[in-house]
Visitor: 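After the structure tokens below, expect a handful of questions from me.
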Amino acid sequence: MDEQAVARAFRLAHFEKLGSTNDEALARARAGDPGRLWIVADEQSGGRGRLGRTWSSPAGNLYASLLLLDPAPPLHLSELGFVAGVALAESVRALVDADPRLGIKWPNDLLFAEAKLGGILLESTPLPGGGRACVIGIGVNCRSHPDNTPYPATALVKIGDAALAEKPIGPEHVFRALSASLARWLEVWAGGKEFGQIRVEWLKYAAHIGRTIQIVRPNGRIEGIFKSIDAQGRLILTGPQGEKVIEAGDVFLNAPPSDDSKAM
Ligand code: BTN
């Protein structure tokens, strides 16, 4: 872990193999851990992604979860995904020589050249003695990525730029930069008081702004132009019928031809 994170009282527990680093962090919280604890595993046998998906977790990639206890009032907790997204983009940016093809896909997937390089899974649970445990789980494809995913995937090792060939691409390098960056951005966020600053930074990395996107939700798809995110991080979509605010969903640039899209 980076010294900046250690100086801010973050701790690290490293494992060769776990079911899920998020599950371990939640279990530690229930067992009384005071938080500011990173759980890192070299591989996971039950890695979990957003919306109940599995997260392929062979050795060679980064699997890390940060446990925080009551980091903010409940209304601000979902902002943690954006804080983590900014920290993740900032730390990987240095590893790809600030290549502008690095971006964040709403709400918080890390993209490189329109393929998914990493993802964030935010989970929280009430604690028996009161208060709430929040876990920010982060996966980054360093040496491999799964095939046949709904959104194309990539890995740092595949970014075949000659200038990058000499750069470190292992999970330990990403984690070192990430632990420092997230410690700093959590301070800036100040438990939600300064989400405005996080929003501004997030928008610098945002992919697809101004483009026509499809948002896939459990109740169907909706199409429109991605205008921005609002003060709570919700996606603002514009179309002939005005603006619509989207709380959750998966963003795609191109929809399969046979879908039942609803243009707005
Ligand atoms: C997504 O669906 O994009 C989120 C993926 C999050 C994966 C990470 S890997 C570390 C942590 N442990 C898990 O089981 N999931 C998260």
Side-chain angles (χ1 to χ4, degrees), residues 1 10 12-30 33 37-68 78 80-89 91-92 102-112 114-125 133-156 170-172 174-179 182 202 205-208 215-218 233 235 248-252:
M1 193 162 59
F10 286 88
L12 169 65
H14 173 259
F15 297 82
E16 282 179 8
K17 190 166 185 172
L18 277 178
S20 155
T21 54
N22 267 33
D23 289 346
E24 178 68 22
L26 289 167
R28 295 240 180 166
R30 287 188 202 101
D33 190 278
L37 173 68
W38 278 104
I39 304 284
V40 176
D42 297 338
E43 52 184 310
Q44 300 183 119
S45 54
R48 294 187 284 107
R50 283 174 62 232
L51 308 171
R53 299 184 185 120
T54 57
W55 185 260
S56 157
S57 305
N61 297 333
L62 176 66
Y63 313 108
S65 297
L66 177 62
L67 170 65
L68 298 171
S78 63
L80 273 174
F82 295 87
V83 182
V86 165
L88 181 59
S91 41
V92 171
L102 184 80
I104 307 176
K105 179 167 85 78
W106 185 87
N108 43 43
D109 285 349
L110 189 67
L111 291 189
F112 188 86
E114 275 311 324
K116 183 158 166 169
L117 191 56
I120 296 173
L121 175 64
L122 208 57
E123 293 182 307
S124 80
T125 186
C134 296
V135 175
I136 308 170
I138 302 175
V140 180
N141 300 330
C142 300
R143 298 207 163 92
S144 68
H145 65 82
D147 291 317
N148 305 320
T149 44
Y151 206 91
T154 190
L156 282 172
E172 63 280 23
V174 179
F175 180 67
R176 200 178 155 77
L178 175 64
S179 60
L182 189 49
W202 189 94
Y205 291 102
H208 310 145
I215 301 181
V216 179
R217 302 182 291 177
L235 186 150
D250 280 324
V251 170
F252 289 85

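Note that the numbering runs from 1 along the sequence shown for the chain. Each ligand, and each atom within it, is numbered from 1 in the order the structure gives. Bear in mind the structure is a predicted one, so any value in this text is a computation, not a measurement.
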Visitor: Going from CG on N141 to CG on L62, what distance comes out if it is rounded to the nearest 0.5 angstrom?
Guide: 10.0 Å
Visitor: For K116, take its heavy atoms, then give the atoms of ligand 1 lying under 4.0 Å from any of them.
Guide: 1 (C), 2 (O), 3 (O)
Visitor: Does the pair W55 and Y63 meet the rule for a ring pair (Phe, Tyr, Trp, His ring centres under 6.0 Å), with working shown?
Guide: CA-CA 10 Å; W55 185 260; Y63 313 108; 7.9 Å; no
Visitor: If you count the atoms of ligand 1 from 1 in the order shown, which ones are under 4.0 Å from a heavy atom of T21?
Guide: 10 (C), 11 (C), 12 (N)
Visitor: Keeping D250 on the side-chain end and V216 on the backbone end, is there a donor-acceptor pair under 3.5 Å?
Guide: no
Visitor: Which ligand 1 atoms, with their elements, are less than 4.0 angstrom from a heavy-atom of G47?
Guide: 14 (O)
Visitor: I need the nearest protein heavy-atom contact for atom 15 (N) of ligand 1: residue, atom name and distance, please.
Guide: R48 O, 2.7 Å
Visitor: What atoms of ligand 1 come closer than 4.0 angstrom to any heavy atom of D109?
Guide: 3 (O)
Visitor: Distance to 0.1 Å, residue and atom name: give those for the protein heavy atom nearest to atom 5 (C) of ligand 1.
Guide: W55 CE3, 3.3 Å
Visitor: With heavy-atom distances below 4.0 Å as the criterion, list the atoms of ligand 1 near S65.
Guide: 11 (C)
Visitor: What is the nearest protein non-hydrogen atom to atom 9 (S) of ligand 1, stated with its residue, atom name and distance?
Guide: Q44 NE2, 3.5 Å
Visitor: Who's the nearest protein heavy-atom neighbour of atom 2 (O) of ligand 1, and how far?
Guide: R50 N, 2.7 Å
Visitor: Atoms of ligand 1 less than 4.0 Å from A64 heavy atoms?
Guide: 10 (C)
Visitor: Which is it for I120 and ligand 1 at heavy atoms under 4.0 Å: side chain, backbone, both or neither?
Guide: backbone
Visitor: With no hydrogens and no angle check, do the side chains of T21 and Q44 hold a donor and an acceptor under 3.5 Å apart?
Guide: yes
Visitor: Does any N or O in the side chain of K105 come within less than 3.5 Å of the main-chain N or O of V251, such that one atom is a donor and the other an acceptor?
Guide: yes
Visitor: Between W106 and G249, is there a donor-acceptor pair closer than 3.5 Å when you use the side chain of the first and the backbone of the second?
Guide: no
Visitor: Check whether any side-chain heavy atom of S179 sits under 4.5 Å from a side-chain heavy atom of W38, and report yes or no.
Guide: yes
Visitor: Under the 3.5 angstrom rule, does the side chain of N61 hit a backbone N or O of R143 as a donor-acceptor pair?
Guide: yes
Visitor: Under a heavy-atom criterion of less than 4.0 Å, does R53 contact ligand 1?
Guide: no
